Amino acid sequence: MKAFCSSILMAAALLLTASCSNNSTVTIGVDVLGDKIKGGWAGQTIGCTYGGPTEFRWRGEMIPDSVPLKWDDGAIEWWFDNSPGLYDDVYMDLTFVDVIDRLGINAPADSFAVAFANAPYPLWHANQAARYNILRGIMPPESGHWINNPHADDIDYQIEADYAGLMCPAMPNSASEISDRVGHIMNYGNGWYGGVFVGAMYSLAFVYTDVARIVDEALLTIPQQSDFYRCIADVIEWHRQRPDDWRYAWTECQKRWADEVGCPEGVNDPLNIDAMINAAYIVIGLLYGEADFGKTMEIATRCGQDSDCNPASAAGILGTMLGYSNIPEQWMANLRQVENRKFIYTNMSLNDVYDKSFAHALAVIEQGGGKVDDNSVTIKVQKPEPVRYEKSFDGLEVSAVLPGGDVAEMNPVNFGGCAVVAKGEVRSADESYVAHIEAIVDGEVADTIDAPARFYSRTQDLYWNYQLPQDVHTLQLRVLNPEEGAQVVCHRIVVYSSTAKE
């Protein structure tokens, strides 16, 4: 039965490839469509679990072969029971799936933003910066723009864009349009491109049986003048030069593309949560994995950094290409134990999202000019087109990282440059405490920041300003409402200078 199913799916995939090359339409059975959608969600969940134990434990270095990457019986169930927060890759997607289920495939950005900002789960980096913005009335796309969000280039939407590709089979431009609405809630520039690129790879995985072609075609959705495009194009070229040596590609990537510019935590630090470098690791996994499910996940994981999210994306894309029925049983046995269990913070299981995502795909197919009947769908295949050009932190380069301290004890900080970010936090046993922090720049009050002690609604950065004149400046932070037992801590101050030539 398995061999029969595999031959049907392969024949369908070959038909897809032939049709797409003519930029026309393709007709496939609804069972094949459903199998591929299920394969994408299944692969994402398996990959997230596989890389979970090593997440951010290897920063700026490969995970050596001496470190075993285990896949024990009951692995997914263990994470569901003991550390369900691992699956932020999935339950973040499910927020957007739920909005589409309630409001339709054309739901506005504000609806996604409100649902996202008020969801019960904790957030980090670009997601949390966006939540902080939205709860204070800064809505998308401004909530994700780098002027308002120091984490704009971080990986956040890249790990959440799976739903967009899975509901847009063979329609990468439709996936990009959805990602335009949703991805700018929390990201901009390279951070947004990560989600566009991943969504396009999922979309094209319905069409092609060649992983390299999926990567090549998906890259066409990214503007060629962007660093994101150049980074992925480099990986493709390094794979062409040495197709059997993924470590060569990783090493070259580290030399050329691993300097963090945006994230205040990652600048001049081994941590790199930038979407671009982590997207490169996804592509390294896909290209060097040679359509082998286990090999793809292992390579993407051993690239390090966000080593659960990257194999989750790679395995999800490959799972879409192969289909649920063709993911090897050694990976599926663990998954079947949890398919009817709801993900934490949601009212949705994998079995639920299989059905919802399938229904959304049918709606997108019809809206895109295709046809749906009881047994098959006819899809109007889209030729990938580049989205608009964006660049976060444009014209800026890191010039210094200065130490911080307890804000109550800090002297004014002198720095030379045109932009500054003070990363920090509020510590208090009283979660209702909100520190009112006055930022004084060059002797004048520049801003007053509300900084909640509550982790859920916190700001990760006490003050930032990317629009200062290039000059010598003074920054002082002052807490206007100090409270006994509360502490406002500045972890570090990142300073930027202009790249413009005098």
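Side chains included, hydrogens not; waters and symmetry mates left out as well; all remaining heavy atoms used. Because the structure is a prediction, the values reported are computed rather than measured. Residues take their numbers from the sequence shown, with the count starting at 1.
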How would you list all residue pairs meeting ring pair (Phe, Tyr, Trp, His ring centres under 6.0 Å) that involve [range], not counting sequence neighbours?
range: residues 214-233; answer: F197-F228
range: residues 154-184; answer: F96-Y163, H184-W192
range: residues 255-274; answer: none

For [Y], is there an ion pair with [X] - N to carboxylate O distance below 4.0 angstrom?
X: D35; Y: K38; result: no
X: E237; Y: R240; result: yes
X: E339; Y: R336; result: no
X: K356; Y: D98; result: no

Shortest non-hydrogen contact from A280 toward C231:
CB-SG, 3.9 Å
Ignoring hydrogens, what is the shortest heavy-atom contact between I134 and S143? Give both atom names and the distance.
CG1-CB, 4.0 Å
Kindly indicate whether the side chain of I147, heavy atoms from C-beta on, has any atom under 4.5 Å from the side chain of Q467.
yes
Given side chains that start at C-beta, do those of L33 and L362 come closer than 4.5 Å, heavy atoms only?
yes
Quick one: ring-ring contact (aromatic ring centres under 6.0 Å, His included) partners of Y132, sequence neighbours excluded?
none
My understanding is that only residues two or more places apart in sequence, or in another chain, count here; which of them pass ring-ring contact (aromatic ring centres under 6.0 Å, His included) with F393?
W146, Y466
Using only heavy-atom distances, determine whether the side chains of S176 and T221 contain a donor-acceptor pair under 3.5 Å.
no
Could you verify whether a donor N or O on one side chain and an acceptor N or O on the other, from S357 and W41, lie under 3.5 Å apart?
yes
Give me the one residue out of E390, M276, Q158 that meets side-chain contact (heavy atoms from CB on, under 4.5 Å) with Y193.
E390
List the residues meeting salt bridge (Lys or Arg N to Asp or Glu O under 4.0 Å) with R256, not counting sequence neighbours, and say none if there are none.
D234
Distance in Å, T95 OG1 paired with Y121 OH, rounded so as to fall on 0.5 Å steps:
2.5 Å
Checking ring pair (Phe, Tyr, Trp, His ring centres under 6.0 Å) against H239, which of Y288, W246, W250 comes through?
Y288
Should D373 and S376 be marked as a side chain to side chain donor-acceptor pair (under 3.5 Å) after you check the CA-CA gap, both sets of side-chain angles, and the distance that decides it?
CA-CA 6 Å; D373 61 34; S376 65; 3.2 Å; yes
